[in-house]
Amino acid sequence: QQYSLLQYTVVDGLPQSQVNAITEDKLGYLWLGTQGGGLAQFNGLDFRVYNTLDGLLNNIVTALTIDSHDNIWVVHPRGFTKFDGAVFKKFEVPSESSIRRIREVVELKDTVFFYSYPGALGKIYHDSVYYWEKEILPGKHINTMHQAPSGELCFYLDDNSFMIYGLEGERKLLTHKSHFTQLYNILNFKNQMLINSDSGLFSLNATRGEFKKEDVKIKIIDPQTQEA
């Protein structure tokens, strides 16, 4: 099967050539966050651009997510813009805050959580910021955040442990020291949360809090014959 690639640039209507984030809504539109050009919606033919003149907090967009109510959460270095398709609502980090950069935002049921550099946790509930920066555990910092296919939020901490926020408010603290030493990256694949580590590939069942070693067979496909 042959695939073709099309390149879109500022000549085609893209507001800025550096794209930091892409997400797709339920209607199939692509939303692109740029490094200084704001937010762009792409319908397959044309770009529609939104920037600070339309209501964005900042034209630098570092991440994007869409919540269960189809709101687009636009992440800026020091704040958010929530866009429901018609109205922009801005959330700006207080000037006295020590937050240097907001990393990522995710939704857990009716609550929006985010983490920022240097590793603090933030929470927004019903459009009210409950806190901008809070230690997830005393003396611990968040290295990364990942949402499992089953919906739990998994925070990977700087002491090589996982703090898992469950769907009903339960909390679990897990360590992987008996399985692997170094975590490289995390991804979701076929309803599994997979962890690439120095000891191979593991799955993590976030609901039960269990690690499992996965045996992976890799097939190398010849690009000419399309055969293994």
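Basis for what follows: all heavy atoms, side chains included, without hydrogens, waters or symmetry-related copies.
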dist Leu153:CG -> Phe113:CZ (nearest 0.5 Å) comes out at 6.5 Å

Do Ile102 and Trp132 have side chains that get closer than 4.5 Å, going by heavy atoms? yes

For the atom pair CD (Glu104) and OG1 (Thr65), what is the distance rounded to the nearest 0.5 Å? 8.0 Å

One should read off an interatomic distance between Asp67 CG and Asp110 CG, to the nearest 0.5 angstrom, of 10.5 Å

Rounded to the nearest 0.5 Å, what separation is found between the NZ atom of Lys134 and the OG atom of Ser116? 14.0 Å

Looking at every non-hydrogen atom in both residues, tell me the closest pair between Glu152 and Ala206 and how far apart they are. OE1-CB, 3.8 Å

CA sep, side-chain torsions, deciding dist, call: Val105, Val112, side chain to side chain contact (heavy atoms under 4.5 Å, CB included): CA-CA 7 Å; Val105 57; Val112 170; 3.1 Å; yes

Which heavy-atom pair separates Ser97 from Glu133 by the least distance, and what is that distance? OG-OE2, 2.6 Å

Lys82/Asp127 ion pair, N-O < 4.0 Å: yes

Glu107 versus Ser68, side-chain donor and acceptor atoms under 3.5 Å: yes

Hey, do the aromatic rings of Tyr115 and Phe155 have their centres closer than 6.0 Å? no

Are any non-hydrogen side-chain atoms of Phe180 and Ile195 less than 4.5 angstrom apart? yes

Closest approach of Glu214 and Ser203, non-hydrogen atoms and distance? OE2-OG, 2.7 Å

Any heavy-atom pair between the side chains of Tyr156 and His176 that's under 4.5 Å? yes

Could you check whether Glu210 and Asn205, counting side-chain N and O atoms only, form a donor-acceptor pair closer than 3.5 Å? no

Which heavy atom in Ile60 sits nearest to a heavy atom in Pro77, and how many Å separate them? O-CD, 3.7 Å

Do you know which of Val49, Thr34, Asn51 makes side chain to side chain contact (heavy atoms under 4.5 Å, CB included) with Asn59? Asn51

Val19 and Leu14, any side-chain heavy atoms less than 4.5 Å apart: yes

Contact check, side chains of Ile164 and Leu174, non-hydrogen atoms, under 4.5 Å: yes

Can you find a heavy atom in the side chain of His146 that is under 4.5 Å from one in the side chain of Asn188? yes

Just wondering, do Asn160 and Thr175 contact through their side chains at under 4.5 Å, heavy atoms? no

Show your reasoning for whether side chain to side chain contact (heavy atoms under 4.5 Å, CB included) applies to Val75 and Phe114. CA-CA 10 Å; Val75 182; Phe114 58 92; over 6 Å; no

For Ile66, which fellow cluster members are found when Ile, Leu, Val, Met, Phe, Trp and Tyr are connected by side-chain heavy-atom distances below 4.5 angstrom, either directly or through intermediates? Leu27, Tyr29, Trp31, Leu39, Tyr50, Leu56, Val61, Leu64, Ile72, Val74, Phe83, Phe88

Using the six-membered ring wherever Trp is involved, compare the ring planes of Phe211 and Phe162 and label them parallel, tilted or perpendicular (cut-offs 30° and 60°). tilted

Rounded to the nearest 0.5 Å, how far does OH of Tyr165 lie from CE of Met163? 6.0 Å

pair Leu157-Ile142: side-chain heavy atoms closer than 4.5 Å: yes

Measure the acute angle between the ring planes of Trp73 and Phe80, then classify it against the limits of 30° and 60° as parallel, tilted or perpendicular. perpendicular

With rounding to the nearest 0.5 angstrom, report the NZ to CG distance, Lys212 to Leu201. 11.5 Å

